[in-house]
Amino acid sequence: MADTRYLDWPFFEPRHRALARELDAWAAQHLAGDHGADVDAACRALVRQLGAAGWLRHAVAGRALGGISDAIDTRAVCLLRETLARHSGLADFAFAMQGLGSGAISLAGTEAQKARWLPAVAAGEAIAAFALSEPDAGSDVAALSCAARAEGDAYVLDGEKTWISNGGIADFYVVFARSGEAPGARGISAFIVEAGTPGFHIAERIEVMAPHPLARLKFENCRVPASQRLGAAGEGFKLAMRTLDVFRTSVAAAALGFARRALDEALTRATTRPLFGGVLADLQLTQSKLAQMALTIESAALLTYRAAWQRDQGRNVTREAAMAKLAATEGAQQVIDAAVQLWGGLGVVSGVAVERLYREIRALRIYEGASEVQQLIIARELLREVRAVQAP
Ligand SMILES: Cc1cc2nc3c(=O)[nH]c(=O)nc-3n(C[C@H](O)[C@H](O)[C@H](O)COP(=O)(O)OP(=O)(O)OC[C@H]3O[C@@H](n4cnc5c(N)ncnc54)[C@H](O)[C@@H]3O)c2cc1C
């Protein structure tokens, strides 16, 4: 196991420390090999495996519904993502999407909706997806245009969603569409759309630098029973933001996992690579790099677990989660780049761990709020506090 001193931090309770250690041992045994070229099959298998081992119980809320506890434990989710990401980016992806894809059901589902999906998600028997982004609505997501027209006891969906993780392999999609109760963000509702619903199909498979199932979805005259609307009509945007709020800190944790793995790989290489009569690690410029990598990781970890702890206390974490995501994802990119540099030519060879990490980290600086969006959130919170004090 990598450096685990952070588990002694006061943010954690004994159950968190035990969880991280158990998962690390499990992952070392079960996630060591290559996942193979068929990324869809690999993801399906990983979801089943993570479900059978009980790890997905942390991704849903409600003991009676297969969850480990009645509310999602952010620190546990973060430790799970960090540990999985350290071992396998695809396993982290499979875990994270079960949580993000079912999060709106945990938060706002009716008893029937929860009973239908959450136990299956927790067991790894149903694959979840979260369909918010559109070709013209990414960072400015309130501009989404996919329409949901009320018609009798159903809604009819027309439009597109893109960049949808698990697109093509999911059993259900939580889809956010414009139902028109009010302009802008107040006229959006959320729906559970099952795979195979007539009028819903995968329009395009999207290939990305770190392969995982990703697709553009198309809805054409797609009838969804009103009983599959999630939460109140017109409350979908708020529900999407609440769902992202639960999981934003966990993106930081995944970045930490990638960064820790990169540092481990860098240390191994630097201490064994013969160079100029010694090894790479003897050179002071190498030591400077290693020190900076460790510092970046530790500071991002402090921000991440502070945000997770604060959320578990029931406090608002808008500023803290934004800081954690920004610092951890940007920092991980730098750490991984330094690790590639230390590996020299070998660092850019396809399939080498640091090369894989270099591709895997990149999207984390873009999704669930790009770095610029996190900067704006932090500044907005700062200015709000100052203006509240200045107000006459
Ligand atoms: C691998 C991957 C998986 C994804 N999975 C999902 C998923 O499962 N479900 C889903 O709904 N979406 C998903 N997304 C979509 C993701 O959330 C969007 O890509 C993201 O919100 C950015 O939107 P965009 O790509 O349209 O970029 P744009 O909105 O066009 O933004 C482009 C760039 O502009 C900059 N920018 C943005 N806002 C500002 C600002 N205010 N000031 C200055 N600069 C700014 C940022 O650098 C940003 O990267 C995924 C994306 C990727 C890459």
Side-chain angles (χ1 to χ4, degrees), residues 39-40 43 47 59 81 85 89-90 92-104 121 127-146 157 159-178 185 188 190-193 195 202-219 230 236-237 239-248 250-251 254-255 258 322 325-326 329-330 333 356-381 383:
V39 77
D40 290 7
C43 272
V47 170
R81 289 203 64 183
L90 208 55
D92 165 58
F93 167 81
F95 174 83
M97 283 316 304
Q98 290 297 91
L100 185 65
S102 68
V121 167
I127 297 183
F130 177 82
L132 179 64
S133 305
E134 296 182 5
D136 292 325
S139 305
D140 182 10
V141 77
L144 66 82
S145 67
C146 181
L157 268 57
E160 283 191 0
K161 293 285 160 187
T162 194
W163 311 118
I164 307 309
S165 297
N166 279 344
I169 68 162
D171 293 288
F172 71 94
Y173 299 74
V174 171
V175 178
F176 298 86
R178 186 160 296 288
I188 293 168
F191 303 90
I192 303 169
V193 181
I202 303 299
E204 179 194 7
R205 167 81 186 211
I206 305 169
E207 300 299 336
V208 280
M209 60 205 279
H212 69 258
L214 195 70
R216 181 163 61 87
L217 319 180
K218 182 113 183 138
F219 300 91
L230 257 176
F237 185 78
L239 182 56
M241 294 305 115
R242 280 171 65 208
T243 310
L244 289 169
D245 207 43
V246 176
F247 293 99
R248 182 163 294 124
S250 80
V251 181
F258 290 143
K325 182 179 186 268
L326 182 62
T329 57
E330 292 288 331
Q333 183 85 62
R356 181 178 49 74
L357 292 165
Y358 192 78
R359 289 182 288 104
E360 265 168 340
I361 187 59
R362 191 62 186 85
L364 278 66
R365 292 167 56 204
I366 296 170
Y367 63 58
E368 294 193 37
S371 293
E372 291 80 358
V373 174
Q374 306 306 330
Q375 286 176 313
L376 290 173
I377 293 172
I378 297 165
R380 187 190 65 204
E381 294 294 308
L383 293 171

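Counting convention: from 1, in listed order, for ligands and their atoms alike.
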May I ask you to identify, for L214, whether its side chain, its backbone, both or neither come under 4.0 Å of ligand 1 on a heavy-atom basis? side chain
Please report the shortest heavy-atom distance between K325 and G369, naming the atom on each side. NZ-O, 2.7 Å
Quick one: look at V373 and ligand 1, take heavy-atom pairs under 4.0 Å, and tell me if it's side chain, backbone, both or neither. side chain
Considering non-hydrogen atoms only, spot the tightest contact between I164 and A131 and give its length. CD1-CA, 3.6 Å
Side chain proximity check, E368 to L100, heavy atoms < 4.5 angstrom: yes
Enumerated ligand 1 atoms positioned under 4.0 Å from heavy atoms of L376: 40 (C), 41 (N)
May I ask you to check if ligand 1 and A363 share an N or O to N or O distance below 3.5 Å? no
Under 4.0 Å from ligand 1, counting heavy atoms only, is it the side chain of V141, its backbone, both or neither? neither
Min N/O separation Y367 to ligand 1 under 3.5 Å: no
Could you say whether the N/O atoms of S139 and ligand 1 ever approach to under 3.5 Å? yes
Any protein heavy atom sitting closer than 4.0 Å to atom 12 (N) of ligand 1? yes
At what distance is the nearest protein heavy atom to atom 20 (C) of ligand 1, and which residue and atom is it? I366 O, 3.7 Å
May I ask you to identify, for K161, whether its side chain, its backbone, both or neither come under 4.0 Å of ligand 1 on a heavy-atom basis? neither
Smallest heavy-atom separation, C146 atom then E160 atom, equals CB-O, 4.0 Å
Considering only protein heavy atoms, determine whether one is less than 4.0 Å from atom 15 (C) of ligand 1. yes
Has D40 got more than 12 heavy atoms of other residues, nucleotides or ligands less than 6.0 Å from its CG? yes
Ligand 1 to I164 polar contact by distance, N or O atoms, under 3.5 Å: no
Heavy atom to atom 18 (C) of ligand 1, shortest distance: which of S133, A96, G101 holds it? S133
Identify the two heavy atoms, one from K161 and one from F176, that lie closest to each other, and give their separation to 0.1 Å. NZ-O, 2.6 Å
Distance-minimising heavy-atom pair for V121 and S102: CG1-OG, 3.8 Å
Is it the side chain, the backbone, both or neither of A370 that has a heavy atom closer than 4.0 Å to ligand 1? side chain
E372, E360, Q375: member with heavy atom nearest to atom 47 (O) of ligand 1: E372
Is atom 32 (C) of ligand 1 close to the protein, meaning a heavy atom under 4.0 Å from it? no
So is R365 close enough to ligand 1, meaning a heavy atom under 4.0 angstrom away? no
I need the minimum non-hydrogen distance between R359 and A210, along with the two atoms involved. O-CB, 3.8 Å
